[in-house]
Novice: 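Have a look at the structure that comes next, please.
Because the structure is a prediction, the values reported are computed rather than measured.
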Amino acid sequence: MKHLPVLAISMGDPFGNGPEITVRALADKSVYERCRPLVVGDASSMAYALKVAKKVSGIDLALNVVSSVEEARFIHGTIDLLDMGLVPAACIPDSSEEAEPRPFRVGACAVGGEASFQYVKKVIEMAMAGEVDATVTNALSKEAINMAGHHYSGHTEIYAHYTGTNKYTMMLAHNDLRVVHVSTHVSLREACNRVRKERVLECIRIANEGCKALGIERPKIGVAGLNPHCGENGMFGREEIEEIQPAIDAAMAEGIYIPEKKPTPPDTVFSKALGGWSDIVVVMYHDQGHIPLKVKGFVYNRAEGHWDAVAGVNVTLGLPIIRASVDHGTGFGHAGSGHANELSLVNAMDYAITLANHRAG
């Protein structure tokens, strides 16, 4: 067991889908053959998630509440939980044994925001102290953490702050489709303003190192343009000429492999990536990268009215610690019903395991 990486998993918003997803993911015995998972959250929420999982899906697991990594058992059938004690049982709707599972319908609130923020802060502290090998995060609500007085636009910015990191970027991944972002949680107008040579070059470098951390010896980097047809030689915008191409030229001068040697039109760069032209694509703004990843990873069953797959991983590159996350939201409207899909969390755990094992050599 000593060679298996220890993963600290933040529970996510207590009124969201994180507790249920965590239970469903850790019900798989094979997880314990790949890692040693430790959940950081609240016993009240996890206990209810266990009850829901048993009633809805027949999943029967126990809870082992610990105060440190050393107390964890890491045995399938028992979920090790570092209990932060932030959510009283009275805050969990329908927590009685007789109540049938149903959506909480609590939504974003300061209680959930404070709790989910503290879970994330705790897993970061544990990783920075060397107590765990990697961190994995369930979804939190940006609205809720701001209601609680923590003014961050998401996990990425929280991690950057508490690790003292200035140069970082978000990577989304689904199987072999990977993207990193020049900008994320800003307005589209501001995102265009942030397409500058220095930042594009920085993201190309981080993307290259991120792929190497996954074991790709000579990464192939694709770089998306910002404008339609990459600006059509300046007719539709000059960012490709004045900012993106100079960044590509500088990266290639450093030995980074960019097969196309120029920006690729955004409407074809992802199809090319799926065809093996690149291992990762540098995108210019949030939705340019998120949309193709979620079209690929999120599969809705129209006939049966539920999601067959909610896959994909969010990894923060450039940090001194490992952070992988689910690539979906809190699902407030369905949380508590027992029908949350755990695939994205399993994907995130596998990415964290790969990164931890590669870092360990």
Novice: So which heavy atom on L26 is nearest to which on H76, and how close?
Specialist: O-CD2, 3.7 Å
Novice: How close do K197 and A250 get, counting heavy atoms only, and between which atoms?
Specialist: CE-CB, 4.4 Å
Novice: Under 4.5 Å between any side-chain heavy atoms of W277 and V269, yes or no?
Specialist: no
Novice: Can you check whether L38 reaches M126 side chain to side chain, under 4.5 Å on heavy atoms?
Specialist: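 Side chain of L38 against side chain of M126, heavy atoms only: contact under 4.5 Å found.
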Novice: Heavy-atom count around D176 CG within 6.0 Å, excluding the residue itself: above 12?
Specialist: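 Count not over threshold, so no.
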Novice: With a 4.0 Å cut-off on N to O distance, would you call E209 and R205 a salt bridge?
Specialist: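 Salt bridge flag = no for R205 with E209.
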Novice: Does H334 NE2 have over 12 foreign heavy atoms under 6.0 Å away?
Specialist: no
Novice: Would a 4.5 Å heavy-atom cut-off, applied to side chains only, mark K121 and M84 as touching?
Specialist: no
Novice: Please report the closest heavy-atom contact between I204 and A251, naming both atoms and the distance.
Specialist: CG2-CB, 3.7 Å
Novice: When you measure from the side chain of E240 to the backbone of N227, do you find a donor-acceptor pair of N or O atoms at a distance under 3.5 Å?
Specialist: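 Yes, because the side chain of E240 sits within donor-acceptor range (under 3.5 Å) of the backbone of N227.
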Novice: Is it true that R194 and E190 make a salt bridge, defined as a side-chain N closer than 4.0 Å to a carboxylate O?
Specialist: yes
Novice: Test side chain to side chain contact (heavy atoms under 4.5 Å, CB included) on F270 and V283 and set out the steps.
Specialist: CA-CA 10 Å; F270 304 107; V283 299; 3.7 Å; yes
Novice: Can you confirm whether H161 sits close enough to I124 that some side-chain heavy atom of one is under 4.5 Å from a side-chain heavy atom of the other?
Specialist: no
Novice: Does the side chain of I158 reach to within under 4.5 Å of the side chain of I145, using non-hydrogen atoms?
Specialist: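 With C-beta onward as the side chain, the pair touches.
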Novice: Please check if the side chain of H358 supplies one atom and the backbone of A213 the other of a donor-acceptor pair under 3.5 Å.
Specialist: yes
Novice: Check the hydrophobic clustering (I, L, V, M, F, W, Y; side-chain heavy atoms under 4.5 Å; chains of links allowed) and say if L86 and V40 are grouped together.
Specialist: yes
Novice: Answer with yes or no whether the hydrophobic clustering places L188 together with L226; edges join I, L, V, M, F, W, Y residues whose side-chain heavy atoms lie under 4.5 Å apart.
Specialist: yes
Novice: Do the non-hydrogen side-chain atoms of V120 and H155 ever get within less than 4.5 Å of each other?
Specialist: yes
Novice: Which atom pair, heavy atoms only, marks the closest approach of V182 to R199?
Specialist: O-NE, 2.8 Å
Novice: Please name the pair of heavy atoms, one in P259 and one in I221, separated by the smallest distance, quoted to 0.1 Å.
Specialist: CD-O, 3.5 Å
Novice: For a quick check under 3.5 Å, do N208 and Y257 share a side-chain donor-acceptor pair by atom type?
Specialist: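 Per modelled atom types, N208 and Y257 side chains form no pair under 3.5 Å.
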Novice: Can you check whether L4's main-chain N or O pairs, donor with acceptor, with R36's side chain at less than 3.5 Å?
Specialist: yes
Novice: State the CD1-OG1 distance between I258 and T264, to the nearest 0.5 angstrom.
Specialist: 9.5 Å
Novice: Between T137 and Y159, is there a side-chain donor-acceptor contact under 3.5 Å, judged purely by atom types and distance?
Specialist: no
Novice: If Ile, Leu, Val, Met, Phe, Trp and Tyr residues are connected whenever their side-chain heavy atoms lie under 4.5 Å apart, and connections chain through other members, are F15 and M147 in the same group?
Specialist: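 Unlinked, F15 and M147 end up in two clusters.
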Novice: Say whether, by atom type as modelled, one donor and one acceptor occur between the side chain of S344 and the main chain of D327 under 3.5 angstrom.
Specialist: yes
Novice: Using the six-membered ring wherever Trp is involved, compare the ring planes of H286 and H181 and label them parallel, tilted or perpendicular (cut-offs 30° and 60°).
Specialist: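 Answer is tilted, since the angle falls between 30° and 60°.
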Novice: Under 3.5 Å, side chain of N314 to main-chain N/O of L172, donor-acceptor pair present?
Specialist: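 Flag not set: sc N314 to bb L172 has no pair under 3.5 Å.
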Novice: Is it the case that one hydrophobic cluster holds both V326 and I353, taking links as side-chain heavy atoms less than 4.5 Å apart, direct or via other members?
Specialist: yes
Novice: I want to check something: taking the side chain as every heavy atom from C-beta on, are E157 and T184 in contact at a cut-off of under 4.5 Å?
Specialist: yes
Novice: Set out, in order, the CA-CA distance, both residues' side-chain angles and the distance that settles side chain to side chain contact (heavy atoms under 4.5 Å, CB included) for Y162 and M128, then state yes or no.
Specialist: CA-CA 9 Å; Y162 283 99; M128 291 294 285; over 6 Å; no
Novice: Using only atom types and a distance under 3.5 Å, with no angle test, would you say the side chain of T316 pairs donor to acceptor with the backbone of R323?
Specialist: no
Novice: Among the clusters formed by ILVMFWY side chains lying less than 4.5 Å apart, do I216 and L177 turn up in the same one?
Specialist: no
Novice: Should we count NZ of K54 as having more than 12 external heavy atoms under 6.0 Å?
Specialist: no
Novice: How far does OH of Y351 sit from CZ of R178, to the nearest 0.5 angstrom?
Specialist: 4.0 Å
Novice: Any donor and acceptor pair, going by atom type alone, linking the side chain of D42 with main-chain N or O of S45 inside 3.5 Å?
Specialist: no
Novice: Is the number of heavy atoms from other residues, nucleotides or ligands under 6.0 Å of N233 CG greater than 12?
Specialist: no
Novice: With sequence neighbours left out, write down each residue that passes salt bridge (Lys or Arg N to Asp or Glu O under 4.0 Å) with D350, or none if nothing qualifies.
Specialist: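 Partners of D350 under the salt bridge (Lys or Arg N to Asp or Glu O under 4.0 Å) test: R34.
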Novice: Is the closest side-chain heavy-atom distance between T135 and S10 below 4.5 Å?
Specialist: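 The answer is no; the side chains never approach within 4.5 Å.
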Novice: Checking D133 side chain against V6 main chain: does a donor-acceptor pair fall under 3.5 Å?
Specialist: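 Between the backbone of V6 and the side chain of D133 there is a qualifying donor-acceptor contact (under 3.5 Å).
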Novice: P37 and I9: which non-hydrogen atoms are nearest, and at how many Å?
Specialist: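 Shortest heavy-atom contact: CB-CD1, 3.9 Å.
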Novice: Return yes if some donor-acceptor pair links the side-chain N/O of D83 with the main-chain N/O of A43 below 3.5 Å, else return no.
Specialist: yes
Novice: Assess the residue pair V69 and F74 against the criterion (side chain to side chain contact (heavy atoms under 4.5 Å, CB included)); give the C-alpha distance rounded to whole Å, side-chain angles, the decisive distance to 0.1 Å, and a yes or no.
Specialist: CA-CA 10 Å; V69 178; F74 302 123; 4.3 Å; yes
Novice: Is it the case that more than 12 heavy atoms not belonging to K296 sit under 6.0 Å from its NZ atom?
Specialist: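 No, the 6.0 Å shell around NZ holds no more than 12 heavy atoms from other groups.
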Novice: Treating N146 as the side-chain partner and Y152 as the backbone partner, does any N or O pair qualify as donor plus acceptor under 3.5 Å?
Specialist: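 It does hold such a pair.
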